[in-house]
A.B. asks: 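Dropping the structure in here first, questions after.
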Amino acid sequence: MAADPQTQVKRRTSRQSVWRALASHYKTVSKQQLRQLFAGDPRRGQRMALEGVGLYLDYSKNRVTDETLKLLLQLAVESDLRPRIDAMFNGEKINITERRAVLHVALRAPKNASILVDGKNVVPEVHAVLDRMENFSNRVRSGEWKGHTGKRIRNVINIGIGGSDLGPVMAYEALKHYSERDMNFRFVSNVDGTDFAEAIQGLDPAETLFIVSSKTFTTLETMTNAQTARAWSVAGLGGDEKSVSRHFVAVSTNAGEVSKFGIDTANMFGFWDWVGGRYSMDSAIGLATMLAVGPDNFRAMLSGFHQMDEHFRTAPFEGNLPVLMGLLAVWYNDFFGAQTAAVLPYEQYLKRFPAYLQQLTMESNGKHVTLDGKPLKHDTGPIYWGEPGTNGQHSFYQLIHQGTRLIPCDFVAFAKTLNPLGRHHDILLANVFAQTEALAFGKTPEQVKAEGTPDWLVPHRVFEGNRPSNTILAERLTPEVLGKLVALYEHSVFTQGVIWNIDSFDQWGVELGKVLAQRIIPEVENGPEPMLNHDSSTNTLIRRYRKLKESQ
Ligand code: G6Q
């Protein structure tokens, strides 16, 4: 609910004054060293840590003081974070440019919850779809669902892109330990035919099920791949079009387009316009995940999401993990001028987690105007990137340790491994702790000299330290913990978006990408050379491409 104009002006003024206070406070903090901060407060490492729904967040190695935290929390209050959280959970249309509610939280709400959109409780529909997904998954996994020739399904290929791909891929990789090992799961997203060609390598069409995942069912890449998949499948099944109903299911909000494609809507799993693509891994878009790990594990993941939702909705800001992480992200982005943030999971199963987060964070908060369309006066949307540790240590960590840029890092680690192998896990975790320690405290010239380093070499071997990081520690990577972790980032992104007063839920840049190529496609396809009316660079590139592809 929007406040009255007078209250809005008052809010804006106090928000601006907190922002100014932070800017002036930054001048002090930027000169302080984490070394001093820790020396001055021997309990800092215990004090600046939070535990919520089983995730432990150590934020003590951030360049903050108690005063910083006080001001950041004040900024959250003055930015109306509390009412904005309530507005999301109450199904208000907070995605204002698309006039939509934003209710991924409803996807993981328990059966007895009530969340209204336009006066209608959406929770029963969510559970009806979940039950259908469960039924279908059980039939496929048990072999009861047969392919056209009577063989059981051994291979599942999800066709989708963006939000209809990154979540399912990430979750499949993250939860592989829990997956059905007698089945193959593959993912096709790119319109580059190589993606499809490689995905079907060695597969028998009689044992292969395709899930066409597309909210709109009009996305060029997905529809192109889906047509190719249908041709491959039908050809491999004796040319019988009737086989489509046993080998293709759809996940979409667009029943009309699904039937036009030839998929029976009885084999369609729906979702709703209040689920954004990048927030859809808990919806029917997660069908591949459920097929891989089974309905119980999928529901455990949803429960993890829900626990973090409740924590975000109800915990006081100072003890609220996503709020704190979101505020720290704003602190580095807008006051330290940090352009990027690294996410470094020390867990091989999370190898696709940074890629998933790139969409979640950058598509959500890569915005240049406020909710009322005014140009922003400060930066939004840090660039997220990362790789699992320890691999990254042997490549880009050099720049984090000794480069000229400030890169706040999130280290994610688990106390128990899913694959106990001798000393491996202790060595892995020792690396997490060693890295965050080295980043924070570095190595002084005196320490380097004391090691007997010749004077000329000393500057090269000095580590300034003072490089901030969060450490997120959980017990073990389970479906439930994965849900908590993803929801932690979702709500951190929400918090950042509220502080910046932007619409974190639209994606007009993505929409642009969906139409841009359409004009050029007929110009590069075969046929007589068309009149080209682009700039001279684009015209020349198109001509050269046409010539090259025809040459022997
Ligand atoms: C997500 C974006 C985008 C979208 C894809 C696929 O928030 O909107 O990544 O998920 O473009 O869209 P469809 O699911 O409609 O094919």
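Keep in mind that this is a model prediction, so the values were computed, not measured. What you see below is based on every heavy atom in this structure, not just the backbone, and it leaves out hydrogens, waters and symmetry mates. Counting starts at 1 for both ligands and their atoms, following the listed order.
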A.B. asks: Less than 4.0 angstrom from a charged side-chain N to a carboxylate O is my criterion; do Lys93 and Asp118 meet it?
C.D. replies: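 A salt bridge is present here (some side-chain N lies under 4.0 Å from a carboxylate O).
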A.B. asks: Taking distance alone, with no angle check, do Phe217 and ligand 1 share an N/O pair under 3.5 Å?
C.D. replies: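 It does not: no N or O of Phe217 is found under 3.5 Å from an N or O of ligand 1.
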A.B. asks: Could you find the nearest protein heavy atom to atom 10 (O) of ligand 1 and give me its residue, atom name and distance?
C.D. replies: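 Scanning the protein heavy atoms, the shortest distance from atom 10 (O) of ligand 1 goes to Gly163 N, 2.9 Å.
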A.B. asks: Considering only the protein, which heavy-atom contact is closest to atom 15 (O) of ligand 1, and what is its distance?
C.D. replies: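 In this structure, atom 15 (O) of ligand 1 has Thr216 OG1, 2.6 Å as its nearest protein heavy atom.
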A.B. asks: So for ligand 1, is Thr222 a polar contact partner (N or O within less than 3.5 Å, distance only)?
C.D. replies: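 No.
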A.B. asks: Tell me which part of Arg278 gets within contact of ligand 1: side chain, backbone, both or neither, using heavy atoms under 4.0 Å.
C.D. replies: both
A.B. asks: Give me the residue, atom name and distance of the protein heavy atom closest to atom 1 (C) of ligand 1.
C.D. replies: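 So the nearest neighbour among protein heavy atoms is Glu363 OE1, 2.8 Å.
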A.B. asks: Counting only N and O atoms by type, is there a donor-acceptor contact under 3.5 Å from the side chain of Asp379 to the main-chain atoms of Asn333?
C.D. replies: no
A.B. asks: Pick from Lys484, Arg108, Arg278: which one makes a salt bridge (charged side-chain N to carboxylate O under 4.0 Å, His left out) with Glu490?
C.D. replies: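 Exactly one option meets the salt bridge (charged side-chain N to carboxylate O under 4.0 Å, His left out) with Glu490, and it is Arg108.
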A.B. asks: What class does the angle between the rings of Phe210 and Phe196 fall in, given that below 30° is parallel, 30 to 60° is tilted and above 60° is perpendicular?
C.D. replies: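 Ring orientation of Phe210 relative to Phe196: parallel.
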A.B. asks: Would you mind checking which non-hydrogen protein atom is closest to atom 12 (O) of ligand 1, with the distance to 0.1 Å?
C.D. replies: Lys514 NZ, 3.3 Å
A.B. asks: Considering non-hydrogen atoms of the protein only, which is the closest contact for atom 6 (C) of ligand 1, and what is the distance?
C.D. replies: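 So the nearest neighbour among protein heavy atoms is Ile161 O, 3.2 Å.
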A.B. asks: Go through ligand 1 atom by atom and flag the ones less than 4.0 Å from a non-hydrogen atom of Ser164.
C.D. replies: 10 (O), 13 (P), 14 (O)
A.B. asks: Tell me: protein heavy atom nearest atom 9 (O) of ligand 1, and distance?
C.D. replies: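 Checked against all protein heavy atoms, atom 9 (O) of ligand 1 sits closest to Gln359 NE2, 2.7 Å.
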A.B. asks: Polar contacts were defined as any N/O atom of the residue lying under 3.5 Å from an N/O atom of the ligand; does this apply to Ser213 and ligand 1?
C.D. replies: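 Such a contact does not occur with ligand 1.
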A.B. asks: Judged by atom type as modelled, is there a donor-acceptor pair below 3.5 Å linking the side chain of Asp264 to the main-chain atoms of Ser245?
C.D. replies: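 Looks like no, no N/O pair under 3.5 Å.
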A.B. asks: My understanding is that only one of Asp506, Thr97, Thr380 makes a side chain to side chain donor-acceptor pair (under 3.5 Å) with Lys367; could you say which?
C.D. replies: Asp506
A.B. asks: Taking only heavy atoms of Gly277, which atoms of ligand 1 are found under 4.0 Å from at least one of them?
C.D. replies: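 Counting from 1, the qualifying ligand atoms are 1 (C), 7 (O), 10 (O).
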A.B. asks: Do Val251 and Phe217 have side chains that approach each other closer than 4.5 Å (heavy atoms only, starting at C-beta)?
C.D. replies: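 Answer no - side chains too far apart.
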A.B. asks: Please compare Val212, Val251, Thr219 and report which has the shortest non-hydrogen distance to atom 16 (O) of ligand 1.
C.D. replies: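 Heavy atom nearest to atom 16 (O) of ligand 1 belongs to Thr219.
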A.B. asks: Under a 4.0 Å N-O cut-off, is there an ion pair linking Glu198 with Arg186?
C.D. replies: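 Between Arg186 and Glu198 there is no salt bridge, as every charged N stays at least 4.0 Å from the carboxylate O atoms.
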A.B. asks: Which ligand 1 atoms does Ser214 reach within 4.0 Å, using its non-hydrogen atoms?
C.D. replies: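 Once the distances to Ser214 are compared, the set is 13 (P), 14 (O), 15 (O), 16 (O).
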A.B. asks: Where do Leu357 and Trp385 land on the side chain to side chain contact (heavy atoms under 4.5 Å, CB included) test, with the steps shown first?
C.D. replies: CA-CA 8 Å; Leu357 282 186; Trp385 58 284; over 6 Å; no
